[in-house]
Amino acid sequence: MSHRSVSLMVVDRVGAALLLVVGAWACASLQGWGIPNPMYLGRFHLNSGVYSQMIAVLVVWALLAATRLDAPPFSRIVQGAAWLVGMWLIVWMNRRIELLAALAALAGVAYWRWGRGIGGAKVLLIALAFGAVTVWGLFAFVPKFSLAVHQAQSFFAATEMTANPLGSADTRLEMYGRAWKAFLDSPWWGYGSGVRPYLLGEYAVVFNGDPSLFNHRHFHSMWVEMLVEGGIVWTVFAVAALAWSLWITVVKGFARAPEVSLSLGAVWWVYGVEGLTSANLVYGAPTVFWVVSTALLWSIKRQVILAPAEAPSTH
């Protein structure tokens, strides 16, 4: 392994170690031994969506590490185990969007590895793993997906709702509806960063009950949040900035440093998908994870790009 890939190898190992430790911790907490659930540990209390967002990135990293051409056999085994543990954690946390993001990433990695040095047997193994985990994951989530469909149907069939919408789907639909109606009233500049779903009672869709029951602090979608907070002007600026950052960190220099670029792309992919139906950069932990992981991987990528090309071996 070249000296330029050592830093990425360290990142891979740290990511796998985190998945295995959190997985062991979660298993121990389920045994009734008095060990606290890792999601609810004192001042580090976070909801499952915050944890699973970061877990999903580590899952994709483990998959990439396990399928790299220069990965030692033992490393492949460890990374593969970490990937399985991470997928189990996402299912255990009962998170749909992160499961779909991880499964789509698995399909993407299998497609990318095909014909790029990994033989058909190994790609077939990846495909079989994808199929098995997809069936297992989706089967485990059938009740939750069915509940979401039922909640959405009930929401669209309702004309007024005074009780607190407790479901995941109907609550989001109410927030998205309020945000859209508010956006239409102020499309260019929005309402500023202080706007909250519970402050938009005049734009209620079907929920007209006590505003204190609808006390959500964000709109559960980064893209909706940008539109209602900053309007078209800010959204265009923000999307342009994100596109430029994506180009600089992932696309530019991909040919010289494909593996680091793929690891960076994993962060962008998971956070982008997360932003569709959740708050990907509202809470402190995932925001810090985003900043640290992208900065670290970008610094590794720059070292690879700026380093002189290795001379071909004569042996």
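Predicted, not measured: the structure shown is a model, and the values here were computed from it. Every heavy atom of this structure was used, including side-chain atoms; hydrogens, water molecules and symmetry mates were not. All residue numbers in this chain count up from 1 along the given sequence.
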**Asked** Is the backbone N or O of G23 less than 3.5 Å from a side-chain atom of W88, with the two atoms forming a donor-acceptor pair by type?
**Response** no
**Prompt:** Ignoring hydrogens and geometry, is there a side-chain-to-backbone donor-acceptor pair from E225 to F219 under 3.5 Å?
**Reply:** yes
**Asked** Do the non-hydrogen side-chain atoms of T249 and T294 ever get within less than 4.5 Å of each other?
**Response** no
**Prompt:** What are the two closest heavy atoms between L63 and T67, and how far apart are they?
**Reply:** O-OG1, 2.9 Å
**Request:** Could you tell me whether the side chain of W83 reaches within less than 4.5 Å of the side chain of L19, counting heavy atoms only?
**Result:** no
**Request:** Taking the six-membered ring for Trp and the single ring otherwise, decide whether the centroids of W188 and W234 are under 6.0 Å apart.
**Result:** no
**Request:** Working to the nearest 0.5 Å, report the span between CE of M87 and CG of L106.
**Result:** 7.0 Å
**Request:** Measure the CZ-CD1 distance between R302 and I248 for me, rounded to the nearest 0.5 Å.
**Result:** 9.5 Å
**Message:** Check for me, please, whether V60 and L103 land in the same ILVMFWY cluster - side-chain distances under 4.5 Å, paths through other members count.
**Reply:** yes
**Prompt:** Rounded to the nearest 0.5 Å, how far apart are CG of N280 and CD of E274?
**Reply:** 6.5 Å
**Message:** Please determine whether ring pair (Phe, Tyr, Trp, His ring centres under 6.0 Å) holds for the pair H218 and Y283, giving the CA-CA distance in whole Å, both sets of side-chain angles, and the decisive distance to 0.1 Å.
**Reply:** CA-CA 10 Å; H218 57 78; Y283 297 100; 5.7 Å; yes
**Message:** To check you understand the geometry: which heavy-atom pair defines the closest contact between S261 and G253, and what is its length?
**Reply:** OG-O, 4.3 Å
**Message:** According to a hydrophobic-cluster definition based on side-chain heavy atoms being under 4.5 Å apart (Ile, Leu, Val, Met, Phe, Trp, Tyr only), do V59 and V21 belong together?
**Reply:** no
**Asked** Honestly curious: do V267 and V14 fall in one hydrophobic cluster under the side-chain, below-4.5 Å linking rule?
**Response** yes
**Prompt:** Hey, is the main chain of S193 close enough, under 3.5 Å, to the side chain of R196 for a donor-acceptor pair?
**Reply:** yes
**Request:** Could you tell me whether the side chain of K301 and the main chain of R256 form a donor-acceptor pair under 3.5 Å?
**Result:** no
**Request:** Examine V233 and W223 and state if one hydrophobic cluster contains both, with Ile, Leu, Val, Met, Phe, Trp and Tyr joined whenever side-chain heavy atoms are less than 4.5 Å apart.
**Result:** no
**Item:** Cluster check L184, V236: I/L/V/M/F/W/Y, side chain < 4.5 angstrom
**Value:** yes
**Request:** Without swapping roles, check the side chain of T235 against the backbone of I232 for a donor-acceptor pair under 3.5 Å.
**Result:** no
**Prompt:** So, does S186 use its side chain to make a donor-acceptor pair with the main chain of F183 at under 3.5 Å?
**Reply:** no
**Fill in**
Residues W269 and A101: closest non-hydrogen pair is NE1-O, 3.0 Å
**Asked** Hey, is the main chain of L276 close enough, under 3.5 Å, to the side chain of S221 for a donor-acceptor pair?
**Response** yes
**Asked** Under 6.0 Å between the ring centres of W189 and F237?
**Response** no
**Prompt:** Is there side-chain contact between V273 and L100, with heavy atoms separated by less than 4.5 Å?
**Reply:** no
**Request:** Over all heavy atoms of both residues, which pair between A148 and A169 is shortest? Give the atoms and the distance, please.
**Result:** O-CB, 3.6 Å
**Request:** Mind listing the closest non-hydrogen atom pair of A16 and V78 along with its distance?
**Result:** CB-CG1, 4.5 Å
**Prompt:** Sub-3.5 Å donor-acceptor pair from the side chain of R95 to the main-chain atoms of S52, do we have one?
**Reply:** no
**Request:** Enter the distance from L147:CG to S168:OG here, rounded to the nearest 0.5 Å.
**Result:** 8.5 Å
**Prompt:** V239 versus M226: any side-chain heavy-atom pair under 4.5 Å?
**Reply:** yes
**Asked** Does the cation-pi check pass for R178 over W180, that is, NZ or CZ under 6.0 Å from the six-membered ring centre and within 45° of its axis?
**Response** no
**Exam field: side chain Y191 to backbone G230, donor-acceptor pair closer than 3.5 Å** = no
**Item:** Non-hydrogen side-chain atoms of Y51 and L89 separated by less than 4.5 Å
**Value:** no
**Any side-chain heavy-atom pair of P72 and S75 under 4.5 Å** = yes
**Test item: E259 side-chain N/O and R68 main-chain N/O as donor-acceptor pair under 3.5 Å** = no
**Message:** Is there a side-chain contact (heavy atoms from CB on, under 4.5 Å) between L173 and V205? Walk through the geometry before answering.
**Reply:** CA-CA 9 Å; L173 289 171; V205 181; over 6 Å; no
**Item:** Ring geometry between Y271 and W290 (parallel below 30°, tilted from 30 to 60°, perpendicular above 60°)
**Value:** tilted
**Request:** Kindly indicate whether the side chain of E174, heavy atoms from C-beta on, has any atom under 4.5 Å from the side chain of V206.
**Result:** yes
**Asked** Does H220 reach the side chain of T277, with side-chain heavy atoms less than 4.5 Å apart?
**Response** no
**Asked** When rounded to the nearest 0.5 angstrom, what is the spacing between CD1 in I300 and OG in S263?
**Response** 8.5 Å
**Request:** Check whether more than 12 heavy atoms from other residues, nucleotides or ligands sit under 6.0 Å from atom CZ of R13, and answer yes or no.
**Result:** no
**Item:** L297 versus W61, closest heavy-atom pair with distance
**Value:** CD1-CZ2, 3.5 Å
**Rounded distance [0.5 Å steps], OH in Y176 versus OG1 in T171** = 10.5 Å
**Item:** Neighbour count above 12 (heavy atom, 6.0 Å) for W268 CH2
**Value:** yes
